Amino acid sequence: MKKQSSKINTVIPKYDPSLVEKKWPHFAKASRSKQDYNPQEIEKKWQDYWNKNKTYQPDLDANPSVDSAGSPQAGSLRQGSGQAGQGKPFYNLMMFPYPSAEGMHVGNMYAFTGSDVYGRFKRMQGNDVFEPIGLDGFGIHSENYALKVGRHPKEQARISEENFYRQLHAIGNGFAWDNKVETYDPDYYKWTQWIFIQLFKKGLAYRKKASVNFCPSCKTVLADEQVITGKCERCGSEVVKKDLEQWFFKITDYAERLLNNIDGLDWTEKVKIAQRQWIGRSEGAEVEFKVQSRQGRDKINVFTTRPDTLYGATFMVLAPEHPIVASLLNSKFKIQNSKFNEVKEYIKIAQSKTEQERIAEGREKTGIDTGLTAINPVNNEEIPVWVADYVLMGYGTGAIMAVPAHDTRDYEFAKKYNLQIKPVIKPIEDFYIGYVKRAWSKDFDKFIKELEKLGVRFKEKNKDSAIYEVKEKNLLRFIEIAKESVLQNAWHDLVGEKLIVIFGDGEIASIELFEENNPVWEKMKTLEKTVRKYSDIWEMLYESAYRERVCYLGSGEVINSGKDWEDYFVPDAIPKIIDDLEKKGIGKRKIHYHLRDWLISRQRYWGPPIPLVFCENCAKKIKNQKSKIKNEGGFNKGEIGNPGWIAIEDEDLPVLLPDVKDWKPKGTGESPLAGIESFVNTKCPNCGGPAKRETDVSDTFLDSSWYFFRYISTEINDVPFPSPAFSQTQQAHAENDARSGSTKNQSLHGSLSETLSKTKDLKSKNNQTAFNSFSNDLPSSSKIGNSARTAAWLPVDMYIGGAEHSVLHLLYSRFITMVFKDLGLIDFEEPFSKFRAHGLLIKEGAKMSKSRGNVVIPDAYIRKFGADTLRLYLMFLGPFKQGGDFYDTGIEGMHKFVKRVWTLVHNVILSKAKDPDSSAKPQNDRFDEAQRMMHKTIKKVTEDLEELRYNTAIASMMEYYNFLAKEQSISKEQISTFIKLISPFAPHVSEELWHIIENQNSVHKASWPGYEEKYLKEKNSNIIVQINGRVRDVLTVDLGDVNDKQKITETASRSPKAQKYLDNRPIQKIIYVPGKIINFVLKELPNGNG
RNA sequence: GGGCAAGUGGCGGAACGGUAUACGCGGUAGUCUCAAAAACUACUGGUCGCAAGGCCAUGAGGGUUCGACUCCCUCUUUGCCCACCA
């Protein structure tokens, strides 16, 4: 692009009514006295305007047409309708924040802005965009913060809410404020509890003893994510394990479905990989080992992915928590007294170990022989049974068969306790031999050439090392040559280096050929002996590997494993062996998942109480008549599976969180609610007898696993979200509009008695509505299908959030959605059609953290520069999907840019030089160039926005600005296009400028500009002239000649600059890429001077 | 230990296999000013050269190609996630 020398006019001219009024009536109407850019004033003005006009509030019921495809085609350039309610529903969701009173982190704003830019873009493309916001205010984060500042969580929630919503307003996002949710709102958690009950009834909730993290100093149970390398996140003291009864959700029942669906999701690949890994499917076999003791027999099942190594199993290891171990201590197996005490002692130590200790031990394996023996079912060999804490109760069966020859952990353990090691897999024929060398010598190169003659395949060679591929049969010869070369001193540099032997499927060993103190000769003698001694090369290498304390993990041939399995190749052996095991009845095919059931209960205060009661009466009843009940209807699956636990009736929801003073975690492992008698003691919903409430609250991840459903139904009080299952309730919606004002505030700030009385109110109110009716018609009477609203808006079209939620939140949401489908509430099972993870924002090279004290709070920047500047800067500082670095100087530069844009637009209006009409007349070069620039920018910005490449979109707008600023005249189209393009990033200033130019509704409802290919073409084409791939000249060629290779070649070769290099030398080849490049490849000259 | 990213000027970062360093920050000089700030103008990877121009540069080393930041191997560094997963 040619550089224009004309000066950019940066002074806003005085307002001259006679000049302006005719051409810019809207500007004149605005009759502004000051034309300086004042972000505070402008941003307040337009935020008020948007609120008043409900600019971003779609009519959720305006789209009765069911089009489950949802989002319009990516990159669609169709013109928008310009009116909300007419476009296609587009659910633009961002992960809602958990609020802290410290205020919104700039990282939050980064994510929200990125999401909002996309939403605004989609809105201008003609979609009816729904962009809701809420607060994930329940849960451990918020409670911990309350603990820290010494305030009641409810009080803290009120403060945080106010502060957070103020900030969320200030950043200028196009939120649908009518639809906000807070997870601690009883009208919200009523449904969280309802969902819990649905899972319970479906048999997806159960109780189990689990060891949980416990901080002795804070006297509280901690979630896994609060344990940082074995220490409490809050106080830093060491975390211990404690066994407690806990509620679990059977997410593992959905493991296969959760895994299989991943392939079809349009999600950030990284997140998909993380989910697959988290689910961690592994195929293998469960094999039964008989255990012998003096008094009896028992069996232990083990899970293995390597049944091919069964013959190599030389001992067994049990987890300390394994039930057999417990029975051992009950003397069921009556082992010798000495062992009894040792085992008891070991288990005691293992269980008292803190996480920190286990990490500090560097995974040094410990264990104890139980004195028991097991029978290896394939060869009937007796093998010892050990207990060791490297085996985990939580995976597989909590017991393993140990194959030290082919598993590193078993190997380490066997080495330490001198247990038998028996190799059963032989590496296959191909392997590589390599050696490392610090400096080449000429002799060494000779040696290599000799090897190559032998047919040894060259694999790799660089400055420091070489790797050769050698067939097993050639190995002897290889070593001989190596030996010779050493004797010839070619290897003199090799002292202290290693010979690395790599088999076809992975590294096996590094053999120390030359130890530091030994002379070369000594070592070679050893090698010579070795070579002679072992005619079977593999054995030699195996021995070497064995000496090197390495076990072989790779694939190969099965050996030492009986006639049936010998000589099979591992991949073929595994299925065959499993078949054999099944035939013999000693094992079966089994799939295991790394995914564990979801531990849902928390012994905490700040969460939705789990809506169950325990009734002794019903417990007895169920236990006594279990077999009968199964076939009758009286109890649901959850109640039968968990005798005595009875679900709260729907009309009694919510179970309000009592408003109490003593809310801090107890040291007992019980929830603070357990101490409140008026809460605990209640009636059994089933038999009416005395019962006790569950006092645990549910995990905060449950709150956030369904919030996107609630957004579309916030004004509806008697269903969680619109669904045909709740069809009877549609009428009642409107009546409940008043909910947020009255009920919520009471419940948040009321006393215990108030909240209890409110429970009554709710009850009676709900009884009048259809609230209790839906439980009757679920799920049988409902037809599978969607209500119009759910069909129109869900699943979410675009979900943007942090990669830190790759696993838990996204997986739990998917699980809950699947359960909803299975309940017949919806007809889809994946909640987020498209998900994109944004990157991490850092501050001047360092991660933002409280401990570093470099957390950026956006408020001060918004006050100083305005939200528009900050938004633009955040989007500019790096690729949105990758994150970026926040520099204070950078934001000042962006502020300049915003001011320049402001000035430019005012200049267009107020100055003669920038006459908006003049460009309408002359179809000259400048006009064409301006058109081209405009269309080019539209194309670039449009494509970049679709792919979330915000930084380059802004860069291209800057280029466009730089172009416009130097133009003598700018058309109205040019300037209004510019405003439209920048409006998703800078919503306020663009709205202001839009109104003084166009005075239409809102720039945010204007249609996104389209571009036409015909304007993108340049008149001339620049063709790069290369000689031997090096740029020597650039030709400017008329567009018409671009495809004429002959002509281009002639022109190019005549170019003086090219001539200099062509120098009449013979041309071997001419590469011509039309319109781009012509490359002359010259024949190489002997002493090529290139 | 496993998985996933990423290494480009002083800095943040651009580059469908085709003029590396767009855009911005910072810096230098200048215009305006009594002066400063702001704003604007010009220059700004390294190196040799008066200049024209040349040469060298995308973590390191190889490979593929007429041509490699881009594709393929090997290594290395950094960041993130998971981690005794049988």
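As the structure is a computational prediction, the values presented were derived from the model and not from experiment. Lettering follows sequence order; numbering is per chain, from 1.
- Listed by chain and residue number, A:K940, A:R949 satisfy the salt bridge (Lys or Arg N to Asp or Glu O under 4.0 Å) test with A:D944 (two or more places apart in sequence, or in another chain).
- Rounded to whole Å, atom C1' of B:rA52 lies 11 Å from atom OH of A:Y1061.
- In this structure B:rC69 sits in no base pair that meets the Watson-Crick or G-U test at under 3.5 Å.
- Phosphate proximity of B:rG24 to A:N962: present, with a side-chain N or O under 4.0 Å from OP1 or OP2.
- Nucleotides B:rG59 and B:rA15, compared at atom P, are 16 Å apart to the nearest Å.
- Comparing atom distances between the A:R596 side chain and each of B:rC85, B:rU19, B:rC80 picks out B:rC85 as nearest.
- Applying the side-chain contact (heavy atoms from CB on, under 4.5 Å) rule to A:A255 yields the partners A:I279, A:Y593, A:L595; only residues at least two apart in sequence or on another chain are considered.
- At the phosphate of B:rC56, OP1 or OP2 sits under 4.0 Å from a side-chain N or O atom of A:R1030.
- Pair assignment for B:rA5: B:rU78, on the basis of Watson-Crick or G-U wobble contacts that are both within less than 3.5 Å.
- Qualifying side-chain hydrogen bond (donor to acceptor under 3.5 Å, both in side chains) partners for A:S282, counting only residues two or more places apart in sequence or in other chains: A:Y395.
- For A:V807, the side-chain contact (heavy atoms from CB on, under 4.5 Å) partners two or more places apart in sequence, or in a different chain, are A:A274, A:W278.
- Using P as the reference atom, B:rA60 and B:rC23 are 26 Å apart when rounded to the nearest Å.
- Heavy atoms of A:F413 sit nowhere under 4.0 angstrom from any nucleic acid atom.
- When the C1' atom is compared between B:rG9 and B:rU47, the two are found 14 Å apart, to the nearest whole Å.
- A donor-acceptor distance shorter than 3.5 angstrom exists from the side chain of A:N1079 to the backbone of A:G1029, with no hydrogens or angles considered.
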What N/O pairs connect the protein and nucleotides 64-69 of chain B at under 3.5 Å? Give each pair on its own line.
residue, atom, partner, partner atom, Å
B:rC66, OP1, A:K1069, NZ, 2.9
B:rC66, O2', A:N1079, ND2, 3.3
B:rC66, O2, A:N1079, ND2, 2.4

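- Across all strands shown, nothing is found opposite B:rA14 as a Watson-Crick or G-U wobble partner with both distances under 3.5 Å.
- B:rC34 is unpaired under the criterion used here, namely a Watson-Crick or G-U wobble arrangement in which both key atom distances are under 3.5 Å.
- Where A:T304 and A:V807 each meet RNA chain B at their nearest nucleotide, the meeting point lying more 5' is that of A:V807.
- Distance from the side chain of A:K896 is smallest for B:rC25 among the nucleotides B:rU19, B:rC25, B:rC23.
- Counting only heavy atoms from C-beta on, A:T889 has its side chain closest to B:rG26 among B:rA86, B:rU19, B:rG26.
- Residue pairs that meet the side-chain hydrogen bond (donor to acceptor under 3.5 Å, both in side chains) test with at least one member in residues 875-890 of chain A, sequence neighbours left out, are A:Y861-A:D888.
- An anti base is found at B:rG62: its glycosidic angle is more than 90° from 0.
- Taking every side-chain heavy atom of A:P879 into account, B:rG13 is the closest of B:rG13, B:rG24, B:rU19.
- Nucleic acid contact class of A:G280 (heavy atoms, under 4.0 Å, all strands): none.
- Across all strands, A:N951 comes closer than 4.0 Å only to sugar-phosphate atoms, never to a base (heavy-atom distances).
- A:K843 has its NZ atom 14 Å from the C1' atom of B:rG12, to the nearest Å.
- For the P atoms, the distance from B:rU44 to B:rG10 is 15 Å, rounded to whole Å.
- In this structure, A:L874 atom CG and B:rG24 atom C1' are separated by 14 Å, rounded to whole Å.
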Under 3.5 Å between N/O atoms: give me all the protein pairs with nucleotides 2-9 of chain B, atom names plus distance.
residue, atom, partner, partner atom, Å
B:rG3, O2', A:Q277, OE1, 3.3

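- Proximity note for A:R1032 (side chain, C-beta onward) versus B:rC23, B:rC55, B:rA86: the nearest is B:rC55.
- Proximity note for A:I1077 (side chain, C-beta onward) versus B:rC23, B:rG18, B:rA86: the nearest is B:rG18.
- For the ring-ring contact (aromatic ring centres under 6.0 Å, His included) criterion with A:Y110, the lone passing option out of A:F876, A:Y950, A:F880, A:F886 is A:F880.
- Regarding A:M894, its CE atom lies at a distance of 16 Å from the C1' atom of B:rG26, rounded to whole Å.
- Distance from the side chain of A:S282 is smallest for B:rA86 among the nucleotides B:rC84, B:rA86, B:rC55.
- Residue pairs meeting the side-chain hydrogen bond (donor to acceptor under 3.5 Å, both in side chains) criterion with at least one member in residues 307-320 of chain A, sequence neighbours excluded: A:R306-A:D308.
- Residue A:F897 forms a ring-ring contact (aromatic ring centres under 6.0 Å, His included) with just one option from A:W902, A:Y961, A:Y37, and that option is A:Y961.
- Nucleotide B:rC84 has no partner under the Watson-Crick or G-U criteria, as no pair reaches both atom distances under 3.5 Å.
- Using Watson-Crick or G-U wobble geometry with both donor-acceptor distances under 3.5 Å, B:rA22 finds no partner in any strand shown.
- In this entry the distance linking CD of A:E321 with P of B:rC84 reads 13 Å, nearest Å.
- Of the P atoms belonging to B:rU8 and B:rC40, the separation is 31 Å, rounded to the nearest Å.
- Rounded to whole Å, the distance from CG on A:L840 to P on B:rU78 is 18 Å.
- The C1' atoms of B:rU58 and B:rG17 are separated by 15 Å, rounded to the nearest whole Å.
- A donor-acceptor contact shorter than 3.5 Å links the side chain of A:Q1059 to the backbone of A:S1053.
- With both ends at atom P, the span from B:rC69 to B:rU19 equals 10 Å, rounded to whole Å.
- Partners of A:K939 under the salt bridge (Lys or Arg N to Asp or Glu O under 4.0 Å) rule, at least two apart in sequence or in another chain, are A:E943.
- Taking the six-membered ring where the residue is Trp, A:F413 and A:Y390 present tilted rings, their angle falling between 30° and 60°.
- Residue A:Y887 has no polar side-chain atom (N or O) positioned under 4.0 Å from OP1 or OP2 of B:rC25.
- Nearest to the side-chain atoms of A:T952 among the listed nucleotides B:rA14, B:rA86, B:rG18 stands B:rA14.
- Straight-line distance from the OH atom of A:Y395 to the C1' atom of B:rA83: 13 Å, rounded to whole Å.
- Of the P atoms belonging to B:rA86 and B:rU76, the separation is 26 Å, rounded to the nearest Å.
- The interatomic distance linking A:R900 (CZ) with B:rC23 (P) rounds to 13 Å, in whole Å.
- In this structure B:rA42 sits in a base pair with B:rU28, meeting the Watson-Crick or G-U test at under 3.5 Å.
- A cation-pi arrangement, defined by a distance under 6.0 Å to the six-membered ring centre and an angle within 45 degrees of its axis, is present between A:R1032 and A:Y1061.
- Contact annotation for A:L877: backbone-only contact, meaning every heavy-atom pair under 4.0 Å involves sugar-phosphate atoms and none involves a base.
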